[in-house]
Structure formats: structure tokens, C-alpha cells
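Reckoned from all heavy atoms, side chains included, excluding hydrogens, waters and symmetry mates. Residue indices begin at 1 and follow the sequence shown. Just so you know, ligand 1 is whichever comes first in the structure, and atom 1 is the first atom listed for that ligand.
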Amino acid sequence: MIGTDIQKAAEFLQSDALVAIPTETVYGLAGNAYSSRAVASIFDVKKRPSFDPLIIHTNHFSRLEEFVVNIPEKAYLLAQQLMPGPLTLLLPKKKKVPDIVTAGSPRVAIRIPNHPMALQLLSKLDFPLAAPSANPFGYISPTTAQHVNDQLGNQIPYILDGGPCNIGLESTIIGFEEEAPIIYRKGGTPVEQIESIIGPVHVRAHSSSNPQAPGMLKSHYAPSAGLELGNINELIKQHNGQKIGLIRFKDYHDTIPASQQVVLSTAGSLHEAAQRLFAGMRLLDQMKLDIILAELVPEEGLGRAINDRLRRAAAK
Ligand code: TXA
Ligand code: MG
């Protein structure tokens, strides 16, 4: 059921049931992080492999120390300035954080979502919420309550509807190796913004099989129709005769029906492009196309995360 009743959502969560929650990045599939029953059903509903850990969501900066130890100075600076917001900190966990949440890793991922309904919900609960994106494992993340309902609606009792997500891409994940900051996933907080606060950071490339950092799996966000990236005119020639879908940044292409094209932002705004990317991929995926062709956006600000998702959607 889709609704806007925060109290009802809280009651489901208190009884170990799962609730899909709105955040500013994407919708999350939330359960009590301290309940092994709730956490186990998150993995179950998502069909997520148990080696892939979950992010813990809380509502206040002061609560970070409940979950983690040895917070580096740079992590404090980031938390102070960017939380709540589309940033996840990966830090050494306290014992009380269950191993099932971190998939056995000594580090836990924590974030404070910047969405009024999520924050209100969290303030009603005396436990944090473990929440991955509310999509089946490997598919595109949901940016509306309806997206969640389409795929998981009959498996969870409640979807809290907070409207379309303002950012539209998952959080940026940052951790520290010997105090050196490392970005493990590009996301809703641009790298440039992080560097303006703590100086240079290393952005780690993802791989197809790196058990150390499962969040970096290369093939992800994949629509069921194939997706190819490159120069649109050349790709259209190569796929002559096929039913083609397009994802472009600013302009419609005059040889493909407009209904088969997703133009991310005619105004050329990367913020708007990020908001529309996942919904656009879902839309094209429902059209029984032979192939989706896409071009990269400018590699700056949110564009780096948009391009990352396009590359992963294209990865085999
Ligand atoms: O914006 C977001 O971060 C959304 C919203 C719902 O908060 N959540 C989200 O969760 O994207 P998920 O599970 O779909 O992606 C989190 C990624 C996973 O790929 C996971 O492998 C990685 O973060 N991750 C989580 N905990 C980790 C840990 N302890 N060590 C390494 N990677 C971790
Ligand atoms: Mg996900």
C-alpha cells in the first residue's frame, strides 16, 4: 500500500516489517537495523547476496557515535557540513552494529537522509534503519513511490510516499584508509564539493569482482534492454533497422520518434538530468525496445555520478 502516514510506517517498522521510505537520493527499503529478522527480510525481498552490506540511516549527527569509533577529523568536517545530505560515511563500527548489516565487514556505512518525512519517521523510532535502494538487486534504483510499488509492492506492507526524489542518484560513499579519504561510489554529493571541504580525495574505480568493496560492482543499474554508450549518430547507424530508444543530455534527435527518447534536461542542468535519469531508464525499459543508446553528459559535478550510472548500465 502507498500512503503518507508516518505513524503507520513507524508501527510497521516497530514490528519488524519492512517499509519503503523516501529520501532525497532514491527510495530505500527500510527495516530495523538492530533486528536480525528485519535485516534478513531486506536481503530476501531484494534478492540481494548476503555479502553486499547495507547503509544505516539515522536522523542526527550526534547519533553517529552510537555506531562508530575512531571518527577521523575529515569525517567530522564532512558530517558537520554535508549531513543531512546525499553522503554516506564508511567508518569502523561498534560491536552493537550487527554483522549481518555490514556483511561481516569491520566498517559500517552511515547516512542522514535529507528528506523531511524520513527524518520525522526516524525521530519516532528508537532504532536506526538499515536501507538499501528499494529495487531488486542489480536493477535501476526507484525515484518515486510508484517505481517501488511496480516491483516490490506485493512484498512489503507499506510504501511511504514522499514525492519524486530531489537528487535522483544514490549517495556518494566515502571512507578512509589510514586517514586518507577514498570515494567508493560517486553520487549525489559532487567530488568537487567534498574536496572543497577536506582537500584532495582519491576516487576508486569499481570492478566486476571486488569482495572488499561490494558497493563497487561494475554491472548495476541495468535495464533489461541492452544499453550502449557512445556517439549517438554512429550508434544509430550501427543499429539501423532496430527499434531504438535514446537517452540524451539536451537535444532530441530528429530520426527517432520523440516517444522513444529521454532528453534529460533541455536547459542543460545536471541537477535536472540526475533527477530524471532513472525514471527515464525505467520508461524506456517498458517500451520493448531492441536497444537503448545513450551519450555521456559533461564529466563535472553531478555529471560524474550520472556518467558512472550510465557506464554501469552499459556494462555486461
Ligand atoms: O542514497 C543511498 O545511499 C540509498 C538511500 C536509500 O539511502 N541507499 C543505497 O543503498 O544506495 P544500496 O544498498 O543500494 O547501496 C549501498 C552500497 C552498496 O553497494 C554496498 O555494497 C555499499 O554501499 N556498502 C554498504 N555498507 C558497506 C560497507 N560496510 N562496506 C563497503 N561497502 C558498503
Ligand atoms: Mg542499490
* To do: Please name all residues satisfying side-chain contact (heavy atoms from CB on, under 4.5 Å) with Ala279, sequence neighbours left out, ordered by chain then number.
  => Thr143, His147

* Side chain proximity check, Leu227 to Ile247, heavy atoms < 4.5 angstrom -> yes

* Does Ile100 reach the side chain of Phe43, with side-chain heavy atoms less than 4.5 Å apart? ->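 Side chain of Ile100 against side chain of Phe43, heavy atoms only: contact under 4.5 Å found.
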
Show the atoms of ligand 1 that are less than 4.0 angstrom away from any heavy atom in [X].
X	value
Thr25	1 (O), 2 (C), 4 (C), 5 (C)
Gly28	6 (C)
Ile55	3 (O), 8 (N), 9 (C), 10 (O), 16 (C)
Ser133	8 (N), 9 (C), 10 (O), 12 (P), 14 (O)

* To do: Report the relative orientation of the aromatic rings in Phe61 and Tyr76; use parallel for angles under 30°, tilted for 30 to 60°, perpendicular for over 60°.
  => perpendicular

* Look at the N, O or S atoms of Ser133, main chain and side chain alike, and state whether any lies under 2.8 Å from the Mg ion (ligand 2). =>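 A backbone or side-chain N, O or S atom of Ser133 is under 2.8 Å from the Mg ion (ligand 2).
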
* Any Lys93 heavy atom less than 4.0 Å from ligand 1 -> no

* Under 3.5 Å, is there a donor-acceptor pair linking the side chains of Asn149 and Tyr27? ->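 No.
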
Going by distance only, is there an N or O of [X] that falls short of 3.5 Å from an N or O of ligand 1?
X	result
Asp52	yes
Arg107	yes
Glu170	no
Ser171	yes
Tyr27	no

* To do: Go through the steps to decide whether Val108 and Ile110 satisfy the test side-chain contact (heavy atoms from CB on, under 4.5 Å), and finish with yes or no.
  => CA-CA 6 Å; Val108 63; Ile110 300 202; 4.1 Å; yes

Just list the side-chain donor-acceptor pairs under 3.5 Å for residues 113-124, sequence neighbours left out, or say none.
| from | atom 1 | to | atom 2 | distance (Å) |
| --- | --- | --- | --- | --- |
| His115 | ND1 | Met117 | N | 3.1 |
| His115 | NE2 | Gly162 | O | 3.1 |
| Ser123 | OG | Gln120 | O | 2.8 |
| Lys124 | NZ | Gln7 | OE1 | 3.2 |

* In this structure, are over 12 heavy atoms from other groups packed under 6.0 Å from Lys94 atom NZ? ->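 For Lys94, atom NZ is crowded (more than 12 foreign heavy atoms under 6.0 Å).
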
* To do: Using the side chain to side chain contact (heavy atoms under 4.5 Å, CB included) rule, pick out the option among Leu302, Ile140, Leu264 that qualifies with Leu277.
  =>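 That would be Leu264.
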
* **ligand 1-proximal atoms of Leu90, by part, heavy-atom distance under 4.0 Å** =>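 It is the side chain that touches ligand 1; the backbone stays farther off.
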
* Which one of Lys46, Arg185, His57 has a non-hydrogen atom at the shortest distance from atom 7 (O) of ligand 1? ->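 Residue with the shortest heavy-atom distance to the ligand atom: His57.
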
